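Below, read A as the first sequence line, B as the second, and so on, with proteins coming before strands; counting in each chain starts at 1. What you see is a predicted model, and the numbers here were worked out from it, not measured in a lab.
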Amino acid sequence: MTVFYLGAALFLLATILLGLIRVLRGPGSGDRMLAAQLFGTTGVTILLLLSLTLETPALVDVALVFALLAVVAAVAFVRQHGLPEPSGTPIHQRHGQKKEPDDDR
Amino acid sequence: MSETPAAMLPLAISGLVALSLALAILATIWPRQAHRIGGYGAVLMAAAVVALSALFLAAGPEPENAATRVALGGWEAPLGVMLHLDGLSMTLLVLTSVVGMATSLYSLGYVHDPIERRQFWPLWLWLWAGLNMLLLSGDAFNLYISLEVVSLSAVALVAFTGTAAAVSGAMRYLLINILGSLSFLMGVVLLFGEHGVLDLVLLEARTEIGPTERMAAVLMTAGLMLKAALFPLHVWLAPAHGSAPAPVSAVLSGLVVTGSFYLILRLWMGPFAPLATPAFGILVGLLGVAALIWGSAQALRSGRLKSIVAYSTVAQFGYLLIAFPLMLVDSEAWKVVVFFAVVHALAKASVFLAAGTLQHAAGHDRIAEMGGILRARGRTVFALGLAGVSLMGLPFTGGFIAKYLLLEAGLATILAGSLIGVLWVIAIAGGGLLAAGYVLRMVAPAFHRGPRDAGEAVSPWMDWVPLGLAVVAAAAGFAGTLTLHTLTLTPGAP
Amino acid sequence: MEWLAQQLAPGLIYPTAGAILFALGLYGLIRRHHLVLRVLALNIMGSGVFMVLLGIAARGEGPPDPVAQALTLTGIVVAVSATAFALALVVRLARITGQAMMLPGPPDDDAPVDDISREEHAPSTEYERERRE
Amino acid sequence: MIANTLTVILILAGLVFFAAGTAGLLRFPDVYSRLHALTKADNVGLGLVILGLMLQAGGPADILKLFLIWVLVLAAGTTAAHMVAQRTWTHGEFESDR
Amino acid sequence: MSDLLLVVFDLVLLVGLLGVAWRCLASTDLFRAVVLFITFGLLLALAWVRLEAPDIALAEAAIGAGITGALLLVTLERLRSIAVERRRGRPDEPPDPAGADALLHALHDPPPPRRTFVPALTFALVVGGLMVTALWHQPDAVGLEPVVDEHMGVSGVDHPITAVLLNFRAYDTFLELAIVLIALLGAWSLGRYDRLPARPAPGPILPGTLRLLVPVAIVTGVYILWAGSHAPGGAFQAGAILGAAGILLVLARPRDLPMAPSTPLRLGLAAGVGLFLAIGIIGLFIGPGLLGYPPEWAYPLIIVIEVAATLSIALTLVALFIAGRPAGDDH
C-alpha cells in the first residue's frame with residue numbers, strides 16, 4: 001500500500017510542477033494567484049498521503065495548518081489595498097507630506 | 001559571602017547577562033520611562049561590569065583556570081549553551097561598559113524629544129545587551145543569534161533619523177548584515193555537520209585541517225569581515241555611520257565593529273588556529289595596508305565632519321588587519337592588537353560624540369563653514385583634539401603605546417627574517433602620519449582668526465561627556481600594564 | 001545500483017541542494033537591484049542553510065538530530081522577523097526616495113543633514129499641531 | 001482487504017480530478033474558466049482522496065480531523081475563487097501585467 | 001521498490017525547488033516573483049517532511065504560507081500605491097520626472113546589465129562548488145541525538161525538540177523571541193498610524209468565511225501549542241497560526257482597528273520575553289542556573305513560558321504586518 005500512496009504523491013507533485021507553467025506564463029496576476037491556490041490544495045493532499053507513507057501522524061496537523069492558512073495569501077492578494085501608509089513618523093513630519101491617500105477602493 | 005571570588009564568578013556572569021536583558025525588557029515595556037531606565041541602568045551596568053572585572057582579577061591568579069565557563073540552565077557543553085569569560089572578553093566587556101555608559105549619558109541630552117526617546121532607548125538597550133552577550137557567549141550558534149540581535153538593533157538605530165541618506169544607509173547595512181549572518185551561520189552548520197558539537201572549546205579540541213574546516217573558516221571570516229567593514233567589504237560603513245545619530249555612530253564605530261573583530265580573533269585563536277598559514281597572514285596584512293591608504297585618502301578628501309570620522313574607522317581598522325601577520329610570527333602580538341582596538345574604540349567614540357555636539361550647535365557638519373562654532377566651543381574642540389591625539393598615537397596616549405608595541409612586533413618580524421615586515425613597519429608609522437592629517441583637518445578651522453558663534457544651545461551632557469571619554473581614551477595609555485595583564489589571563493591563547 | 005542508492009541518500013542530496021540554493025540566492029542578491037527581490041534572495045539563501053542543516057541531521061538510520069531541528073526552527077523565526085523589518089524599511093525608503101531600487105552609489109556628502117537633537121526637528125511639536133487640526 | 005481496494009479506487013478517482021484541475025488550469029482561455037479548474041480539483045479531488053484515507057484512519061478523531069481539513073480547503077477554495085473573480089471583474093486584468 | 005520511489009520523489013521535489021527558486025529570482029515582474037516564492041515555501045515544507053522534520057514543516061507552513069506571503073503581497077501593493085501617488089504628482093509639487101516611470105520601477109525590475117553576469121555567476125559557482133565538496137567529505141551521522149535522549153527524562157517534556165528549545169538551549173530561544181521584538185521596535189520607529197479606518201468587504205463571502213476560519217484557527221493554534229509538549233508543535237508554530245488569523249482580521253477589518261494605548265499592548269508584546277527572563281532569574285537562584293528550571297517544576301514552567309511566547313509572537317507578527325506604531329504610543 002505505501003508504494004501506491006507514494007506513487008500518488010509523486011503524481012500530485014508532478015501536477016504541481018506542471019501547474020508552474022501557468023504561474024510563469026499566466027498573463028494576469030489573478031491566474032498566478034489561482035495557480036498558487038491550487039498548489040496549496042495539492043500540497044495538502046500530498047501531505048496527507050505522505051503521512052501514511054512515512055507513518056508520522058503529525059503530518060495531518062501540517063496539512064490542517066496549510067488548509068487553514070491557504071486563504072490568508074488569497075485574501076492578502078485581493079484586499080492588498082487594505083493598509084494605508086503610516087503617517088506621522090518622528091522626523092518626516094517636516095518633509096511636507098500630504099495626508100496619506102484615503103482608500104478610494 | 002565567604003565563598004572565594006572564583007566561586008562567585010559564575011553567579012556574577014549570569015547576573016550581568018540577566019541585568020542587561022532585564023534593562024532592555026523594562027525599557028520596552030515602559031517607553032515613557034525608557035530614558036530614566038536607560039540613564040540609571042547605564043550607570044548600574046557599568047558598576048556591575050567593574051565589579052565583575054574586580055572579581056575576575058581576584059579570582060584568576062594563574063592563567064589556567066582563568067576561563068570561567070558557566071553552563072546555562074545547568075546543561076553542560078555538548079548539549080547546553082556555555083557562557084565563556086576570559087581575559088580577552090573581560091577587557092572588551094569593560095570597554096563596552098565604559099563606551100556604553102558615556103553614550104547613554106550623552107544620549108540623555110541628544111535625544112530629548114519625548115516621542116523619539118520612547119523609541120531610541122529600548123533599541124539602544126537591546127543593542128547593548130546584544131553586545132554583552134556576544135562577548136560572553138561560548139557557543140557557535142549562540143554567537144550567530146547574538147550577532148543577529150546586535151545587527152537588527154544597530155540597523156534600526158541607523159535608520160532612526162528617517163532622512164533619505166539614513167534610511168538608504170540603513171537598508172544597505174541591513175542587507176550586508178543579513179548576508180554576513182547567513183554566511184556565518186553556514187560556517188557554523190558545516191562545523192556542526194563535521195563534528196556534531198557547537199561549543200567553541202570542544203570544537204577547538206576536535207578541528208583538524210580538512211575541506212570542511214577550510215570552507216567554514218572562509219565563510220565565517222567573510223561574514224564577520226562584512227560586519228566589521230574590514231577593507232574589501234567596507235562599502236556600507238561611511239553612509240551608515242555618517243548619517244546615523246551621533247551616539248549611534250559612536251557605538252557602531254566603537255563597539256559593534258570591534259565586536260565583530262573580537263569574534264574573528266576568537267575564531268582564529270580557537271578552532272581555526274591550525275589553518276593560519278603565513279601566506280594567509282601576508283594577504284590579510286596587504287588588505288590592511290590598502291585599507292589604511294584608502295581610508296585615510298577618503299578622510300582627507302571628505303568635506304563633512306562625520307564622514308571624515310567614518311572613513312577614519314575604515315583606516316584604523318587597517319591596523320587590525322596588519323596585525324594578523326605580526327601575530328603569526330610573534331605569538332604575544334595578539335594582546336597588542338586587542339589593546340589597540342580598545343584604545344581606538346574609546347578615541348573613536350569620543351570623536352563621534354564631539355562631532356555630534358558640534359553638528360548640533362552648527363546645524364550642519366560641513367567643516368568649511370564650522371569655523372565660528374569651533375572657535376566658540378573650546379571644550380568640545382579640546383575633546384576632539386585629545387581623542388584625535390590618541391588616534392594619531394602621540395606619546396603618553398593609549399594610541400602611542402599600542403602603536404609602539406605594534407612597531408616592536410613589526411621589527412620582531414624583520415629580525416625573524418621576513419622582509420615583508422618592513423612594509424608593516426612603514427605602514428604602521430605612515431598610518432599615524434595620515435591619521436594626524438585628517439585629525440588636524442578637523443581641528444584646524446578653530447585656529448583661524450574669525451568671529452565666534454556659539455550656535456545652538458547644547459545640553460550639559462552633550463558638552464561634558466565627549467571630554468570625559470576623550471580623557472579616558474588618552475589615559476588608557478597608563479592603564480596599559482593592567483590591560484595587558486588581564487589579557488594574559490586567556491587560556492589556550494598561543 | 002547499491003552505490004547509486006547510497007549516493008542518493010537524503011543525507012547527501014538535500015545538503016547538496018541546500019548548497020546550490022545558497023549559491024543561487026547569493027547570485028540573485030548580487031545581480032538583482034530591486035530591494036524586494038534582494039530580500040527574497042536572502043530568504044532563499046536562508047532556506048538553503050536550513051536545508052543543509054536538516055540534511056545533515058537526517059543522516060544515519062536513527063531519528064534525525066533534535067538539536068539541528070531546534071536550531072532550524074530558531075533560524076526560521078529569525079529569518080521571518082528580519083524579512084518583516086527589511087520590508088518595512090523598503091516601504092519607508094520607497095516613500096522617501098520614490099523608488100525601491102538599491103543602486104550602488106557613492107554616499108553624497110551634501111545630503112541634507114538632519115539632527116534629531118535640534119529643536120525644529122522635534123516631532124512632538126508637529127504631532128501636537130497635527131492633532132489640533 | 002476490501003478497505004484497501006476501496007481506498008485505492010477512491011484515491012485514483014481523486015487523482016483524476018486533480019489531473020483535470022491542472023489540465024484545466026493550463027488549457028482554459030481566461031481567468032473565469034480557470035476558476036472552475038481550481039474549485040473542481042479541491043472540493044471533489046481532495047474529497048475523494050480524504051474519503052479514501054478515512055478508511056485507513058485509526059480512530060474517529062482522525063476521521064473528524066480529515067473531514068475538518070476538507071471543509072477548510074473548501075472554504076479557502078471558494079473564497080479565493082470568488083474574490084479573484086470579483087476583483088478581476090471590477091478592475092479588469094491587473095495593470096501590473098502590461 | 002518504495003525506497004526507489006522515495007528517491008524519485010526527492011529528485012523531482014529538489015528539481016522543482018531549484019527551478020522555482022531560480023525562476024523566482026530571475027523574473028522581471030515582482031508579482032510573479034512573490035507567487036513563485038509562496039510556491040517555493042510550499043515545496044520547502046514538503047522537503048522538511050521528507051527529511052522527517054514535521055516540526056519544521058509545521059513552522060514553514062504556518063510562517064511561509066500564512067505570514068511571509070501576505071507580508072510580501074501587501075508590501076508590493078504599498079510600493080504600487082506610493083508610485084501611483086508620486087506619479088499623480090502632489091498638487092503642491094511639480095510631478096518629478098522620476099515619478100513618470102516610478103510605477104514601472106515599483107513592480108518591475110528590468111533584467112540586470114550583462115557586465116555583472118560573469119563575475120556574479122563565477123563567484124556563486126565557486127562558493128557553491130566548494131560547499132558541495134566540503135559536504136561530500138563529511139562523515140556519516142554525528143549528531144547530538146544520543147545526548148538529548150540521555151537527558152530527556154529530566155527535561156520535563158516528552159518531545160525532544162521542545163525539550164531542546166525550551167530547556168537545554170533555552171538561551172537561544174530567549175534571544176530569538178528578543179529578535180522578533182527588536183524587529184518590531186525597528187519597524188515601529190519608522191512610522192506611526194493615527195487611525196486604521198474600517199474597510200468592510202463588499203460581499204458577504206469574506207465575512208462569512210472569516211467567521212468560520214478565525215475561530216477554527218484559534219482552536220488549532222491552542223491545539224498545536226498544547227501538542228508541542230509530546231508531539232510536533234509548540235509556541236512558534238502556534239504563534240504563527242494565531243498571527244496569521246490576526247492578519248486575516250486586519251486585512252478584512254469590519255471595524256476601526258483600535259489604536260491600543262501603549263502600556264497594555266507593550267506588556268502583551270514583551271510578555272513572552274519578560275516571563276522567560278523572570279523564570280530564568282528564579283532558576284538562577286533556586287534552580288540549576290540562569291534560564292534553568294528545578295527538575296520537578298520543569299513541565300509547568302515550560303507550559304507557562306510557551307503560552308506567553310505564543311501570545312507575544314502572535315501579537316508581534318500582526319504588528320509587524322501593519323508596520324506602524326499605534327498613535328496611542330505618542331501622546
Side-chain angles (χ1 to χ4, degrees), chain B residues 10-11 14-15 17-18 21-22 24-25 28-32 70-75 78-81 83 114-116 118-120 122-123 126 129-130 133 139 141-142 145-146 148-149 152-153 155-157 159-160 162 167 186 190 193-198 210-212 214-216 218-219, chain E residues 127 130-131 133-139 141-145 147-148 150-151 164 167-176 178-179 181-183 185-192 262-263 266-267 269-271 273-274 277-278 280-281 283-285 287-293 325 329-331:
Chain B
L11 193 67
S14 312
V17 168
L21 290 172
I25 294 172
T28 314
I29 290 177
W30 284 288
R32 281 177 181 66
V70 179
L72 280 174
W75 306 109
L79 188 60
V81 177
L83 293 182
I115 287 184
E116 275 156 11
R118 293 182 193 137
Q119 277 112 57
F120 178 85
L123 283 172
W126 276 116
M133 287 180 285
D139 179 279
F141 187 79
N142 193 259
I145 292 278
S146 309
E148 280 290 319
V149 169
L152 275 184
S153 36
V155 166
L157 285 169
F160 198 76
V167 174
M186 185 56 118
L190 286 178
E194 180 81 14
H195 305 296
V197 166
L198 281 171
T212 316
R214 255 189 231 102
M215 191 60 198
V218 165
L219 282 169
Chain E
V127 169
L130 284 176
M131 242 185 285
T133 46
L135 283 168
W136 280 63
H137 281 89
Q138 290 198 337
V142 77
L144 283 168
E145 211 268 333
V147 182
V148 172
E150 200 182 299
H151 293 79
V164 170
N167 201 342
F168 302 144
R169 295 185 71 92
Y171 190 48
D172 285 348
T173 316
F174 174 84
L175 289 182
E176 173 200 335
I179 285 174
L181 194 58
I182 292 169
L185 291 176
W188 272 12
S189 71
L190 292 174
R192 182 189 68 237
S262 146
T263 313
R266 284 184 176 242
L267 269 178
L269 291 172
V273 173
L277 187 66
I281 290 175
L284 176 62
F285 292 112
L290 186 65
L291 293 179
Y293 319 106
R325 68 180 182 282
D329 217 33
D330 279 5
H331 52 63

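In this structure, the portions of B/M133 lying under 4.5 Å from any heavy atom of chain E include both its backbone and its side chain. In this structure, the portion of E/L135 lying under 4.5 Å from any heavy atom of chain B is its side chain and not its backbone. Contact annotation for E/L291: only backbone heavy atoms (N, CA, C, O) come within less than 4.5 Å of a heavy atom of chain B. The part of B/L198 that comes within reach of chain E is its side chain, from C-beta onward, which places non-hydrogen atoms under 4.5 angstrom from that chain. Only the side chain of B/V17 has a heavy atom closer than 4.5 Å to any heavy atom of chain E. Using a 4.5 Å cut-off between heavy atoms, E/Y293 does not touch chain B at all.
One distance of note links CZ of B/R118 with CG of E/L185; it measures 14.0 Å at 0.5 Å rounding. With values rounded to the nearest 0.5 angstrom, B/F141 atom CZ is found 5.5 Å from E/D172 atom CG. A distance of 6.0 Å separates OG1 in E/T263 from CZ in B/R32, rounded to the nearest 0.5 Å.
Pairing each heavy atom of E/R169 with each of B/D139, the nearest pair is NH2-OD1, 2.6 Å. Of all the heavy atoms in B/M215 and E/A134, the pair that sits closest is CB-CB, 4.1 Å. In plain terms, the two heavy atoms of B/G73 and E/P288 that are nearest each other are O-CG, 3.6 Å. The nearest pair of heavy atoms linking E/L284 to B/S14 is CD1-CB, 3.6 Å. What you find for B/A18 and E/L277 is that their closest heavy atoms are O-CD2, 3.9 Å. For E/L175 against B/V149, the heavy-atom pair with the smallest separation is O-CG2, 4.3 Å.
Under the 4.5 Å side-chain criterion, counting only non-hydrogen atoms from C-beta, E/E150 is not in contact with B/L79. Under the 4.5 Å side-chain criterion, counting only non-hydrogen atoms from C-beta, B/Q119 is in contact with E/R325. Residues B/T212 and E/M131 are not in side-chain contact: their nearest non-hydrogen atoms beyond the backbone lie 4.5 Å or more apart.
Chain E forms more heavy-atom pairs under 4.5 Å with one residue of B/P122, B/P114, B/G74 than with any other, namely B/G74. Contact tally against chain E (heavy-atom pairs below 4.5 Å) for B/L157, B/V218, B/V197, B/L123: the top residue is B/L123. Among B/A159, B/A156, B/G196, the residue with the largest count of heavy-atom pairs under 4.5 Å with chain E is B/G196. By number of non-hydrogen pairs under 4.5 angstrom with chain E, the leading residue of B/V155, B/L219, B/N142 is B/N142. With respect to chain B, the highest number of heavy-atom pairs below 4.5 Å among E/I281, E/V147, E/L130 belongs to E/L130.
Checked against side-chain contact (heavy atoms from CB on, under 4.5 Å), B/P211 has the following partners two or more places apart in sequence or in another chain: E/H137. With sequence neighbours excluded, the residues forming a side-chain contact (heavy atoms from CB on, under 4.5 Å) with B/I29 are B/I25, E/L267, E/A270, listed by chain and number.
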So E/L181 and B/T28, side chain to side chain contact (heavy atoms under 4.5 Å, CB included) or not? Walk me through it.
-> CA-CA 9 Å; E/L181 194 58; B/T28 314; 3.9 Å; yes
Take B/I145 and E/Y171 through the test side chain to side chain contact (heavy atoms under 4.5 Å, CB included) and record every step on the way to the result.
-> CA-CA 10 Å; B/I145 292 278; E/Y171 190 48; over 6 Å; no
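Screening B/V81, B/L21, B/L72 against E/L290 for a side-chain contact (heavy atoms from CB on, under 4.5 Å) leaves a single residue, B/L72.
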